[in-house]
Amino acid sequence: QLKPVESGGGLVQSGGSLRLSCAASGFTFNYYASGWFRQAPGKEREGLSCINLDGGITNYADSVKGRFTISRDNAKNTVYLQMDSLKPEETAVYYCARSRSSFCSTRSYDYWGQGTQVTVSS
């Protein structure tokens with residue numbers, strides 16, 4: 001089954017940092033926008049950030065703007081999310097996904113990863 005594979009989650013103290021990676025296997029991110037999402041227990045999935053096909057355009061949810069940075073390395077077929085100043089309420093499963101188009105404005109994703117757990121302790 002073709003899915004992105006997230007890694008880099010774990011346990012971190014409040015105010016700490018993590019860098020998540022999302023690697024594609026059997027398909028490519030290279031011509032498509034990609035996004036990061038999270039879902040906490042009992043809450044709806046939240047879109048965090050998106051990056052267009054060449055990394056020239058990025059956008060962020062207000063809740064993470066200024067603290068999270070999305071990037072991509074098309075040579076490695078990988079998308080990243082650098083997360084700084086993490087808060088306990090950001091404990092969630094973090095997912096990456098590939099857009100159906102080259103642009104974040106489409107807001108439609110096809111390939112979804114299985115997620116990586118991020119736990120922020122207070």
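Position 1 is the first residue of the sequence, and the numbers go up from there.
- Within the 4.5 Å cutoff, side-chain heavy atoms of Phe29 are placed close to those of Ser34.
- For the pair Asp84 and Ser17, the tightest heavy-atom approach, listed with the atom from each and the gap, is OD1-OG, 2.7 Å.
- Across every non-hydrogen atom of Tyr31 and Thr28, the tightest pair is CD1-CG2, 4.1 Å.
- No path of Ile, Leu, Val, Met, Phe, Trp and Tyr side chains, each step under 4.5 Å between heavy atoms, connects Val93 with Leu18, placing them in separate hydrophobic clusters.
- Taking CG of Leu20 as the start and OG1 of Thr78 as the end, the distance is 12.5 Å to the nearest 0.5 Å.
- To the nearest 0.5 Å, atom OG1 of residue Thr69 and atom CE of residue Met83 are 11.0 Å apart.
- For the residue pair Arg100 and Ser108, a side-chain donor N or O sits within less than 3.5 Å of a side-chain acceptor on the partner.
- Within the 3.5 Å criterion, the main-chain N or O of Phe27 finds a donor-acceptor partner in the side chain of Asn77.
- Judged by the 6.0 Å and 45° rule, Arg98 forms no cation-pi pair with Tyr111.
- Looking only at distances, a side-chain donor or acceptor of Glu6 sits under 3.5 Å from a matching main-chain atom of Gln114.
- Atom CG of Leu86 is separated from atom OG of Ser14 by 8.0 Å, given to the nearest 0.5 angstrom.
- Tyr94 and Phe68 have tilted rings, their planes meeting at an angle from 30° to 60° on a 0 to 90° scale.
- In this structure, the side chains of Tyr95 and Pro4 stay at 4.5 Å or more apart for every pair of heavy atoms.
- Under a cut-off of 6.0 angstrom, the local environment of CD in Gln82 is crowded, with over 12 non-hydrogen atoms contributed by other residues, nucleotides or ligands.
- Of the inter-residue distances, the one linking Leu48 atom CG with Phe37 atom CZ reads 8.0 Å to the nearest 0.5 angstrom.
- Under the 4.5 Å side-chain criterion, counting only non-hydrogen atoms from C-beta, Thr91 is in contact with Gln117.
- Tyr32 contributes atom OH, which lies 7.5 Å from atom OG of Ser102 (distance to the nearest 0.5 angstrom).
- For Trp36 against Cys22, the heavy-atom pair with the smallest separation is CZ2-CB, 3.6 Å.
- Side chain of Ser21 to backbone of Tyr80: no donor-acceptor contact under 3.5 angstrom is found.
- Here Arg38 contributes atom CZ and Glu90 contributes atom CD; the two are 4.5 Å apart, rounded to the nearest 0.5 Å.
- Leu11 and Ser121 get closest at one heavy-atom pair: CD1-CB, 4.2 Å.
- No single ILVMFWY cluster, assembled from side-chain heavy atoms under 4.5 Å apart, contains both Tyr109 and Ile70.
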*Does the pair Ile57 and Cys104 meet the rule for a side-chain contact (heavy atoms from CB on, under 4.5 Å), with working shown?*
CA-CA 8 Å; Ile57 297 174; Cys104 295; 5.7 Å; no

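- Asn74 places a side-chain N or O within 3.5 Å of a backbone atom of Leu53 that can act as its donor or acceptor partner.
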